[in-house]
Amino acid sequence: MKARTRFAPSPTGELHIGGVRTALFSWLLARHTGGEFFIRIEDTDQDRYVPGATRRILEAFDWLGLTLDGGPDHEELRSMKTNEDYPGALDDGEYRGVPGPFVQSHRLHLYKQWAEWLVEHGYAYRANETPEELARMREEAQARKQTFVFREEMRLRTDVRPDEPHVIRMRVLPREGRTEFDDLIRGRLSFDNSQIDDQVLLKADGFPTYHLAVVVDDHLQGVTHVLRGDDWLSSAPKHVLLYRYFGWQEPKWAHLPNVLGTDGKKLSKRHGAQSVFEFRDQGYIPEALINFLALLGWAPGGGDEQNVFTIEELIARFSIEGIGSSPAIFDYNKLDWLNGVHIRRLSDEDLARRLVPFLERAGIPIDTAERFEKLLRITPHIKERIKKLTDAAPFVDFIFGEIETPPPEALIGPKMDRESAIGALQATIKLVRAFEPFEDQPLEQAMRQLCADLGLKPTQLFSLVRNAVSGKSVTPPLFATMAVLGRGTCLVRLERALDRLLRAES
RNA sequence: GCCCCCAUCGUCUAGUGGUCAGGACGCAGCCCUUUCAAGGCUGAAACACGGGUUCGAGUCCCGUUGGGGGCACCA
């Protein structure tokens, strides 16, 4: 069955990592079944609306590589500053049959129309209690230790005219009994109707609440599977009831378990990165983030113990049956590991390109073809040494900039003295000055021979040279590094180190 | 308070009545090794508790405990 799914964020801020997981599962389902996936912007709360948030959400999807088949996916839309800029004219059916608009504030007439339909058919009624009055009623209910559930007979004014400000509330019917439905992840669910509120569907400002808007839109837009966070579970019966009132076919429901922070509480700021862009800026790559998020609540099952997946493999393997029902804790350790794994799978060229902005941010501009060439040459050697793109800078900074000549202590290796260090350095300089070809392997061979000649262990000679040439004790493999550095730079640094040693007190 | 959901190593999980309860991250040790990594091998580490059902329960049922979510003219 081809699934048509959607992700329906409200433009109130940055795309949260938990939201990305929900979107990913919906996206995977659509891709796995050869169906369609689109984004719908739920901007029905005028107070919480953040201009530009829609653009940021779209950018996040671009970065993640989650492609869209319908909804705002055009250049014009990506560049829109506010949802008011949304060009509804693009809704001409070119989105593979998913009808727009895809921004709810542009669909107000539809919600109004269907809310009125419910009133006409006895499934909803008008009310105009003020927020203050409702708050009072709530307090009273609480004083009696009861759950507050609004009912028609609780209205303070029953003569609400259509032309005065009012809301439209759904009538929960029947009053007794239970509302049941199936959830793909939880199985059969059952809620007591007496506990379901006569929810406001259309607000006094003419905007719908979420409950009306999702149902109307999901139906009109042909959504087959509603994947959403666990937190919607308790309002699901309201939506089920609405589908039944309208006589529309229910979509399949799938309420995903929450993603929790390390302390088992809902993921929030204090747990570290939260928005997609924070992860991106911290050096995570989308391949890893997607792999990690997929594994958070989903497993291939069937005895398959694979952990590392490409996006294509995920599409091929994904199924709703593989989604677990218990909440998952976000494990940054595993994310780091996966990020390293996926970095190692990148081609040198690709990795080098992705590294550029991070190096520039670290004060290492890669602004010439020559510098990029150097980066490209060292990239295979740092590939397996970094977990995040931000880890690269300390491995390459000495290649692109000046270094401080290390102090004698750093040059004289274990079980060596000043004299032997000086001798070793002089011999190395002599070798480096004339050696051909100045490349990784040959250089290593020659230097190993030098070790033997000098009666030094590789560790002793190499760490001395490493320090002299890079100014640090941890670097990518020494000879590849020297080759990239170039004979000239190596000589200058070796000589400065020698000079430093010669001047040191003995 | 009421309603709903959840429960296997520290974490992500496999398991669909009979398994030495498997894998992955992390952790420890060993190997490899010019540093740091990566890689390989080994190890420690779990069925929340109590009742049932059954010849036999991690697997089915009930309860307890614990955790999470919801109870808006917010999504």
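Residue numbering restarts at 1 for every chain, and letters A, B, ... go by the order of the sequence lines.
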* Which part of the nucleic acid, if any, lies within reach of A:S325 when heavy atoms closer than 4.0 Å are counted: base, sugar-phosphate only, or nothing? -> sugar-phosphate
* Would you classify A:R144 as touching base, sugar-phosphate or nothing, given that sugar-phosphate means primed atoms plus P, OP1 and OP2, and contacts are heavy atoms under 4.0 Å? => nothing
* Using a cut-off of 4.0 Å on non-hydrogen atoms, how would the nucleic acid contact of A:K472 be classed: base, sugar-phosphate, or nothing? -> nothing
* Asked: For A:F191, which contact category applies under a 4.0 Å heavy-atom criterion: base, sugar-phosphate, or nothing?
  -> sugar-phosphate
* Asked: Atom CD of A:Q195 to atom P of B:G69: distance rounded to whole Å?
  -> 20 Å
* Asked: Taking A:F309 as the fixed residue, which of A:W298, A:F292, A:F318 is the one that meets the ring pair (Phe, Tyr, Trp, His ring centres under 6.0 Å) rule?
  -> A:W298
* Hey, which of these two, A:T147 or A:E42, hits RNA chain B nearer its 5' end, going by closest nucleotide? -> A:T147
* So what does A:P208 touch, heavy atoms closer than 4.0 Å: a base, only the sugar-phosphate, or nothing? -> sugar-phosphate
* Asked: NA contact type, A:R466, heavy-atom cut-off 4.0 Å: base, sugar-phosphate, or nothing?
  -> base
* To do: Under 4.0 Å between any heavy atoms, over every strand shown, what does A:P477 touch: base, sugar-phosphate, or nothing? Just pick one.
  => base
* **Atom C1', compared across B:U64 and B:G70: separation rounded to whole Å** => 23 Å
* **Position toward the 5' end of RNA chain B (nearest nucleotide), A:R21 or A:Q146** => A:Q146
* **Gap in Å between the two P atoms, one belonging to B:A48 and one to B:G58, rounded** => 10 Å
* To do: On the 0 to 90° scale, with breaks at 30° and 60°, tag the A:F150-A:F148 ring pair as parallel, tilted or perpendicular.
  => perpendicular
* Which part of the nucleic acid does A:G302 contact within heavy-atom distance under 4.0 Å: base, sugar-phosphate only, or nothing? -> sugar-phosphate
* Asked: Any chance the rings of A:H239 and A:Y210 have centres within less than 6.0 Å?
  -> yes
* With sugar-phosphate meaning primed atoms plus P, OP1 and OP2, does A:T12 contact a base, only sugar-phosphate, or nothing at under 4.0 Å between heavy atoms? -> nothing
* Assign the ring pair A:Y332 / A:F279 to parallel, tilted or perpendicular, where the plane angle (0 to 90°) is split at 30° and 60°. => parallel
* B:C5 base / A:R186 side chain donor-acceptor hit below 3.5 Å -> no
* To do: Could you work out the separation of B:A28 and B:C9 based on their C1' atoms and round it to a whole Å?
  => 15 Å
* Just checking A:L201: base, sugar-phosphate only, or nothing, at a heavy-atom cut-off of under 4.0 Å? -> nothing
* Asked: If you measure only the distance, is there a donor-acceptor pair under 3.5 Å linking the side chains of A:D453 and A:Q449?
  -> yes
* Determine the interatomic distance between C1' on B:C30 and the same-named atom on B:C20; round to the nearest Å. => 24 Å
* Just checking A:G297: base, sugar-phosphate only, or nothing, at a heavy-atom cut-off of under 4.0 Å? -> sugar-phosphate
* Asked: What nucleic acid atoms does A:V474 come within less than 4.0 Å of, heavy atoms only: base, sugar-phosphate, or nothing?
  -> base
